[in-house]
Structure formats: structure tokens, C-alpha cells
Amino acid sequence: MVAAIAAIGGGLFGYDTGVISGAILYIKETFPMSVTTEGLTVSAVTAGALVSAMGAGVLADRGGRRLTNIAAGVVFAVASILCAVATSVPTLIAGRFLVGCGIGLTSVGGPMYIAEASPARIRGTFVSLFQLAITIGILLAYIVCAILAEAHAWRWMLGVGAFPGVLLAIGMTLMPESPRWLVKQGRERDARAVLAQIDPHGDADAALLRLKSDLAAEGQGTWGELLHRSLRPALIVGIGLAVFQQITGINAVIYYAPQIFQSAGFTSDVAALGATTGIGTINVLATFIAIWLVDRAGRKPLLIAGVLGMVATLAVLGLAFRGGAGVSGSNLGLITAVCLAAYIVFFAFSLGPIVWLMISEIYPLQNRAQAVAVSTASNWGANFLVSLTFPIMTHRLGSSATFLTYSALGVLTLIFVLARVPETKGKTLEEISLLWR
Ligand code: BGC
């Protein structure tokens, strides 16, 4: 229940990042705008997420994980309504920025809350539900846009997020606080009660003791400690994974799929949009591979297999777009469709869920909120860079070189995973923090 409620935030994260590509077409009919204003309207969400991720770190630390998720729900609800009723472009951009703030709050608070409330043996599965919700949100956005396209109803497209926002806020007020945060506040009796409630078959007293000793072994929980040597290896892994998740091109595909399909020969809008919905569906389905395997096979094998597959499919795409190698127009369309689908499968069971999972489990309790915030902000920063540079790169360098660049960055990701990332399967959060020490 805890995981499912918190994951509603993931659904809104996915929906609100996915919906704009459809909505912007009709927003431009109501408010004729320059290319720059259009860019601002689209990217305001990412900017909001980037800024609020840091604030979410402070809130999660001082006010608690539960409050951070409640705040996300409220912000989503208010922001969606603001977007829906906007009568001017500045109001709309402000609304989109606020939606981004909701996403920043949930992307810090959601996975961390789920990880801290889960028993170690199934933590991977539970946190992966957050990623599943992201993918469902993206798919729903495609579907809602398709349904409302004829009516040009962009206000509804942006406004429907208010309902799940309210649901998240109310649902979270009914959930218990994270036992880890309670211990950090010195509220041991409350923490023990939550531990016993969440894992009735586990030993709550032993769990409480572990939490307390982890806390005693670490610093004071200040932001400055993030620069300390003892935290560095974990921070490198967290920030590294967050950035690699983005610079291997996932959102070039998620945000620009219709254009990619069109440049590969799917000339009609309907075919390009149909293919895009296919990508969204595959993204949802392949996430189940991670949900099933992440606590069985472990994080690292999934990461290695997934990134290898991403490197290979991006390389084939890059070569196919170069032409010359006997790839004719109709073949290019087919190769593009198959490669993009396979690329999404590989991402969906590796970098997609496992990055959010590992960011929320690798840091010691004392500094977790801050370190998660910094990692998440890096993820949004890298996301912003990729979505900004993809159109420029394809324009200047061509599609082939662009995909080959992402493939090369995938090779770097692989080396990083092999050299730096520890296996955390089955370990309690306190055992993981001991592992670094
Ligand atoms: C990433 C998003 C991406 C989504 C695609 C998430 O894990 O953080 O940037 O759009 O996966 O499913």
C-alpha cells in the first residue's frame, strides 16, 4: 500500500513529462508564440524539477518523507489547475514550472520513502513500482492526447493531473512516516511501531537497533558533509548513475519519438503517433522484467545486460541512419522501429528503474535526503541538456552521429557500472551504508 500510494507521484511525473508534446500543438492555436516561448513552455517543467529537487532534500530532511510526498500531491493539483485555466502565456509557463516542482518533490521523496519503508528482500521490486508508474503515466499521456486531439482540448490534457494529485496528497496523509526518518528524529517508539506494522514477520527490535547504530556511526547530517571523503564513493555512484541514465539518450526517444519515426520514413502523422504509442506500451511492459528480477538476479547483472543492449541498438540505429550500408528507405523505417523498441526494452529493465532504486538505497541515513536531492537534481540537469541538445545535434551532426554519440556514452556507462557500482540486492539499507565504510 505504501509503495502503491507513493508511486502515484511517479505516475504524475510520467504523465506531465509526456503530455506536453501533444498539448503544445493546440496551445499554440490559443496563444500564438515564438519558438523561444514554445521552448520555454516545454522545458519549464524540467527547470522546475531541477530547482525543487534541492528544496525537496531540505523538506525530506526537516519535515519528513511523508510530508514531502504530501506536498508533491498538493503542488501537482494546484499546478495542473493553474495550467488548465491559464489565460496568458506567462501564467501557463508559471503553471508548468510549478508542475516541475511537483515532479522534483516526488522524484526525491517517492523512491526514498518507498526504499526506507520496504523490507530488504523485496525493496527492489517495490521501488521499481515507482518507475512502472512513470512509464504508465507517459503512456496515459499519449493516449489522453490522442483522445482529446480532435477537440483540441489542451486545457483538459494539462488539467486532468489534478485528480491523481489530490489522491496522492490524501493517500499519503493516511500512510505511516518512514521508520528511518523517525529514528533520525529520535522518535524511536514511533519508529518501532511502524517497523512492526510494515513487516509483521520481521524482528522490529533488531531492525530498530540496526537503524540506531547506523545513525551513530555517521556525521551530523549537514549539507557540507556531502563533500567529505567518506561520502564521496557513494556520491560518485549516485550522481554518475543519475547522469548516465540521461546522457544515453532515453528522452531523445521518449520526447522526440514522432520526429525520429518521421525522419525514418513514417511520413504520416498517424503512423508516427501510432509507433510512438507502441514505444510507450513496450516501456510499460518491459519494466515488469525489472520488477520480477531486480531482487532475484540483482541490480548489477540487470544494469550490465541492459546497457549492453542499449549500446548495441544505438550503434545499429546510428549505422542505419548513415545509409550507404545497403539500407534503403523502407528498410530504414523497419530498422528504426525494431531498434527503438529493443532500446526501450533494454532501458526499461535496467537504467530506468535501477537508477531511482540505487539513488534511494546507497546513502547513509544521516545524509540520505541531501545526497538523494543532489543526485536527483543532476538527473534533471542532464535531462535538460539532452532534450535541449538533441534537436541541435541532429540538425548539425545528423541523426547517425547523434545516435553513435549516445552509444559511445553507453560504453562509458558500462565501464562505470563495472568499476564503481556495488551490488545491493538483499542488503538492508544499514548494511549498504556499512559496505561503504
Ligand atoms: C527517467 C525519465 C524517463 C523515463 C522513461 C525515467 O526513469 O528518469 O527521464 O523519461 O524513465 O520511462
Side-chain angles (χ1 to χ4, degrees), residues 7 9-21 42-43 45-50 53 99-100 102-112 114-115 124 127-142 238-257 260 276-291 294 299 302-303 306-307 310 340-360 372 375-390 406 409 413:
L12 281 156
F13 168 161
Y15 182 84
D16 281 317
T17 48
V19 75
I20 194 68
S21 59
V42 173
S43 57
V45 159
T46 320
L50 178 60
V99 166
I103 298 182
L105 285 164
T106 193
S107 53
V108 168
M112 179 166 54
I114 302 175
V127 181
S128 298
L129 289 180
F130 188 81
Q131 172 71 14
L132 180 70
I134 296 178
T135 60
I136 293 175
I138 295 173
L139 180 61
L140 279 179
Y142 291 158
I239 295 179
L241 283 175
V243 171
F244 281 124
Q245 186 202 49
Q246 295 296 323
I247 62 175
T248 37
I250 181 62
N251 287 317
V253 175
I254 297 286
Y255 299 168
Y256 295 101
I260 300 176
T276 307
T277 312
I279 291 287
T281 310
I282 291 168
N283 195 14
V284 173
L285 294 179
T287 308
F288 282 98
I289 302 175
I291 290 179
V294 70
R299 284 58 163 157
L302 284 182
L303 277 177
V307 176
M310 289 166 68
L340 285 188
Y343 167 82
I344 290 288
V345 170
F346 288 119
F347 174 86
F349 73 72
S350 63
L351 285 179
I354 293 175
V355 167
W356 294 113
L357 169 62
M358 293 201 80
I359 286 179
S360 62
V372 169
S375 314
T376 304
S378 319
N379 182 273
W380 284 105
N383 184 334
F384 184 69
L385 267 184
V386 172
S387 29
L388 190 74
T389 52
F390 177 74
Y406 295 147
L409 290 168
T413 311

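These numbers were taken from a predicted model, which means no experiment stands behind them. In listed order, ligands and their atoms are each counted from 1.
- Defined by atom type and a distance below 3.5 Å, a donor-acceptor pair is present between the side-chain atoms of Trp380 and Ser107.
- No side-chain donor-acceptor contact under 3.5 Å links Tyr15 to the backbone of Gly10.
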Checklist entry - Between Ile344 and Ile254, does a side chain to side chain contact (heavy atoms under 4.5 Å, CB included) hold up when you go through it step by step? => result CA-CA 9 Å; Ile344 290 288; Ile254 297 286; 4.2 Å; yes
Item to check | Steps toward side chain to side chain contact (heavy atoms under 4.5 Å, CB included) verdict (Trp356, Ile134) | outcome: CA-CA 11 Å; Trp356 294 113; Ile134 296 178; 4.1 Å; yes
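- Neither the backbone nor the side chain of Thr17 has any atom closer than 4.0 Å to an atom of ligand 1 (non-hydrogen atoms only).
- Contacts between Asn251 and ligand 1, counted as non-hydrogen atom pairs separated by less than 4.0 Å, involve the side chain only.
- Under the 3.5 Å distance criterion, the side-chain polar atoms of Tyr255 are left unmatched by any main-chain donor or acceptor of Thr17.
- Of all atoms in ligand 1, listed by their number and element, those nearer than 4.0 Å to a heavy atom of Asn383 are 9 (O).
- Results of the side-chain contact (heavy atoms from CB on, under 4.5 Å) test with Phe390 over Leu385, Ile260, Val253 single out Ile260 as the only residue that passes.
- The shortest side-chain heavy-atom distance between Ile250 and Tyr343 falls under the 4.5 Å cut-off.
- Numbered from 1 in the order shown, with element, the atoms of ligand 1 that lie under 4.0 Å from a heavy atom of Thr135 read 12 (O).
- Interface of Asn283 with ligand 1, defined as ligand atoms under 4.0 Å from a residue heavy atom, comprises 5 (C), 12 (O).
- In this structure, Ile138 is part of the shell of residues with a heavy atom less than 4.0 angstrom from ligand 1.
- Near Gln245, meaning under 4.0 Å from one of its heavy atoms, ligand 1 places the atoms 1 (C), 6 (C), 7 (O), 8 (O).
- In terms of protein heavy atoms, atom 7 (O) of ligand 1 is closest to Gln131 OE1, 2.7 Å.
- By the 4.0 Å heavy-atom criterion, Tyr255 is excluded from the residues contacting ligand 1.
- Less than 4.0 angstrom separates some heavy atom of Trp356 from each of these atoms of ligand 1: 6 (C), 7 (O), 8 (O).
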